[in-house]
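Notes follow once the structure below has been shown.
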Amino acid sequence: MTESNDHRGNGAMRYPVGAALAGGALLCIFIMARTADPVMIVHGFLFLAFCAGGIYFLVRRTHALAPEGAADATYNDAVTRTGVIISMFWGIAGFLAGLAIALQLSFPALNFDLPWTNFGRLRPLHTSAVIFAFGGNVLITTSFHVVQRTCRTRLAGVIAPWFVLWGYNLFIVVAASGYLLGVTQSKEYAEPEWYADLWLTLVWVTYLLVFLATVWRRREPHIYVANWFYLAFIVTVAMLHIVNNLAVPVSWTETKSYSLFAGVQDALTQWWYGHNAVGFFLTAGFLGIMYYFVPKQAQRPVYSYRLSIIHFWSLIFLYIWAGPHHLHYTALPQWSQTLGMTFSIMLWMPSWGGMINGLMTLSGAWDKLRTDPVLRMLVASVAFYGMSTFEGPVMAIRAVNSLSHYTDWTIGHVHSGALGWVAFVSFGALYALTPILWKRQRLYSLHLVSVHFWIASIGIVLYITAMWVSGILQGLMWRAYDSMGFLEYSFVETVAAMHPFYVIRAGGGALFVVGALIMAYNLWRTVRGDLRNEALPTVRPNPAMAPAE
């Protein structure tokens, strides 16, 4: 296809997209005019602003976008550059929200007795901002970057990648504002109401089509393993999202809806979704990041390509069955609980296979950990991945679960994975991407990366150790009986005993926020093209690279 033909194709593409945006704007106006729900009016304005912004984008920028045919030898880095900035913004916002609720648990007066600032509304804001806003944007950004480089072709579509990025962030804003305004369907990791879920479905299907189309038109015959993990993440999250969020709205102009499931079926569906959101959103997707950025930063091939494929298929098959271990000692049938526990224990094998593969990729390059703080952060994330995937199966065992469940031990486990694995591998990827995308010689300061690494690491250690001790203490106090057979401690006494550990947790969270702010400053100076005058490590010639298996 010639360049002129591509220009005509891009121009023709504007009209149906523009018509869809105009129709969406009219629908928003109609809903706002018919509804008596103030939150629906607020969210209607957000969707209307998105449609208006999309029309403005089409009018002003479509002709400026690189034509598809002429860009075969180049990549769409504009969308990934935007994704890096958005990811860093949401990361800081999510970490600050987490620090705020940690302080509220330590000092309840910080709830301020306001409905918009209480723990019950800020807690889902924090989890969604960190998992879906920060983590989701990192996954979209890195997947767009990785699939282009490994397939040696430009990202499919001109408008579609931008729709995925901005449409996903519209979902984040709608969900977050809904939490603060009291709109939620009260499902863990799935709090947004029906209209936000429908919008995310549209965005996610577009994401899948963009990714598949890019792989389909690849100029590299081999599909690199990172793309397998990204694709599994995209497909499985779509299935989880649709099934768990099946609901009937009270009205098409109201926010409220009722789940299609009830009772124990609802609980099983929720934790099938909830655990696999961890398994495929927070694990498979970020393993795609690991399998690209660790070898890239170490300048070594993946230790064993065969092991990476075994890792992929065993993880995909086993993870989907592990959800019932969240429902031990409930009305869920015993066989289902045992099934979840058994598959959780079996997950040790693929999880540790992936960890070993990531760590052994540094064979012949371990000395780089002394001189490359970005690689150090990536490798530390793999170590945290191994630790979290050891602890998780242990906590799935019924006897251990009877002590650990509903306690702060679970919180410590979640954050060892979220901060140590997900955040660190995301930080490493963003550090690695920024000089490439803005065509800079290097990061502004490697010393600041090292400072960030150590401050954040100390924060993580304070956080998770405080929660481990707090959780075990909680579990023991809750099931302590006196000589008469009565509970030895009241619930209030167990809450009071947690106070010093909650203060330590807030301190660890504060250090993690400080590290993120240092990172944002470092990336900002890198984007500006600044270079800090500092002694750089002497780079030794790399040994000859061996082909992957």
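Because the structure is predicted, anything quoted here is derived from the model rather than measured.
- Remark: side-chain polar atoms of Glu191 are not paired, donor with acceptor, to backbone N or O of Thr184 under 3.5 angstrom.
- Asn276 is not listed as a side-chain neighbour of Val237, based on a closest heavy-atom distance of 4.5 Å or more.
- Under a cut-off of 6.0 angstrom, the local environment of NZ in Lys296 is sparse, with at most 12 non-hydrogen atoms contributed by other residues, nucleotides or ligands.
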- request: Assess whether ring pair (Phe, Tyr, Trp, His ring centres under 6.0 Å) is satisfied between Trp199 and Phe163, documenting all intermediate values.
  value: CA-CA 12 Å; Trp199 175 253; Phe163 172 76; 5.6 Å; yes
inquiry  = For a side-chain contact (heavy atoms from CB on, under 4.5 Å) check, start with the C-alpha distance between Leu180 and Leu122, then their side-chain angles and the critical distance, and finish with the verdict.
reply    = CA-CA 7 Å; Leu180 295 179; Leu122 289 182; 3.8 Å; yes
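- Here the side chains of Val382 and Phe424 are not in contact, with every heavy-atom distance at 4.5 Å or above.
- Atom CH2 of Trp166 has 12 or fewer heavy atoms from other residues, nucleotides or ligands within 6.0 Å.
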ask   = After noting the C-alpha distance and the side-chain angles of Phe293 and Val425, does the key distance pass the side-chain contact (heavy atoms from CB on, under 4.5 Å) rule?
value = CA-CA 9 Å; Phe293 285 95; Val425 78; over 6 Å; no
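- Residues Gln185 and Asn245 have side chains that bring a donor and an acceptor to within less than 3.5 angstrom of each other.
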In sequence, state the C-alpha distance, the side-chain angles, and the governing distance for Glu220 and Arg149, and then conclude on salt bridge (Lys or Arg N to Asp or Glu O under 4.0 Å). CA-CA 10 Å; Glu220 167 63 48; Arg149 264 63 179 185; over 6 Å; no
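- Side chains of Ile85 and Leu523 form no contact here, defined as non-hydrogen atoms less than 4.5 Å apart.
- You'll find the side chain of Val17 reaches within 4.5 Å of the side chain of Leu58, heavy atoms only.
- In this structure, Trp204 has its ring center closer than 6.0 angstrom to the ring center of Phe233.
- Atom OH of Tyr444 is separated from atom OG1 of Thr434 by 15.0 Å, given to the nearest 0.5 angstrom.
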Assess whether salt bridge (Lys or Arg N to Asp or Glu O under 4.0 Å) is satisfied between Arg440 and Asp530, documenting all intermediate values. CA-CA 9 Å; Arg440 304 297 184 234; Asp530 299 336; over 6 Å; no
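- Counting only distance, with no hydrogens or angles, the side chain of Ser128 and the backbone of Pro124 share a donor-acceptor pair below 3.5 Å.
- With 3.5 Å as the limit, one finds no donor-acceptor pair spanning the side chains of Ser106 and Arg505.
- When all heavy atoms of Val84 and Leu433 are compared, the closest pair comes out as CG2-CD1, 4.3 Å.
- For the ring pair (Phe, Tyr, Trp, His ring centres under 6.0 Å) with Phe312, the lone residue among Phe280, Tyr319, Tyr230, Trp228 that qualifies is Trp228.
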**OP:** Dump the intermediate steps for side-chain contact (heavy atoms from CB on, under 4.5 Å) on Arg218 and Ile223, then the final yes or no.
**Re:** CA-CA 9 Å; Arg218 67 190 185 277; Ile223 300 177; 3.6 Å; yes
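- Using a 4.5 Å heavy-atom threshold, the side chains of Gln441 and Leu531 count as touching.
- With ring centers used as reference points, Phe453 lies 6.0 Å or more from Phe427.
- Val146 pairs in a side-chain contact (heavy atoms from CB on, under 4.5 Å) with only one of the listed residues (Phe229, Tyr291, Tyr292), which is Tyr292.
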Task: Stepwise side-chain contact (heavy atoms from CB on, under 4.5 Å) check, Phe281 with Thr236 - done: CA-CA 9 Å; Phe281 198 99; Thr236 310; over 6 Å; no
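- Within the 4.5 Å cutoff, the side chain of Asn227 has heavy atoms near those of the Cys151 side chain.
- Side-chain contact check for Thr526 and Tyr431: no donor-acceptor pair (N or O, by modelled atom type) lies under 3.5 Å.
- From Arg532, atom CZ reaches atom NE2 of His447 across 5.0 Å, with rounding to the nearest 0.5 Å.
- When the shell of 6.0 Å around CZ of Phe30 is examined, it contains 12 or fewer heavy atoms from other residues, nucleotides or ligands.
- Between Tyr207 and Phe211, the ring-plane angle classifies as perpendicular under the 30° and 60° cut-offs.
- Aromatic pair Trp162/Phe144: centroids not less than 6.0 angstrom apart.
- Going from atom CD of Gln104 over to atom CG of Leu99 covers 10.5 Å, rounded to the nearest 0.5 Å.
- Here the rule is side-chain contact (heavy atoms from CB on, under 4.5 Å) with Val513, and of Leu96, Ile518, Ile455 only Leu96 fits it.
- Between Tyr75 and His145, a ring centre-to-centre spacing not shorter than 6.0 Å is recorded.
- Between the Thr255 side chain and the Met40 main chain, no donor and acceptor come within less than 3.5 Å of each other.
- Side-chain atoms of Ser177 come within 3.5 Å of backbone N or O of Val174 as a donor-acceptor pair.
- Looking at Leu48 and Met32, their side chains come closer than 4.5 Å, going by heavy atoms from C-beta outward.
- Using a 4.5 Å cut-off on side-chain heavy atoms (C-beta onward), Trp272 and Val243 make contact.
- Judged by distance alone, with hydrogens and angles left aside, the side-chain atoms of Thr141 form no donor-acceptor pair with the main-chain N or O of Val138 at under 3.5 Å.
- Aromatic rings of Tyr385 and Trp421 (six-membered ring for Trp) have centroids within the 6.0 Å cut-off, being under it.
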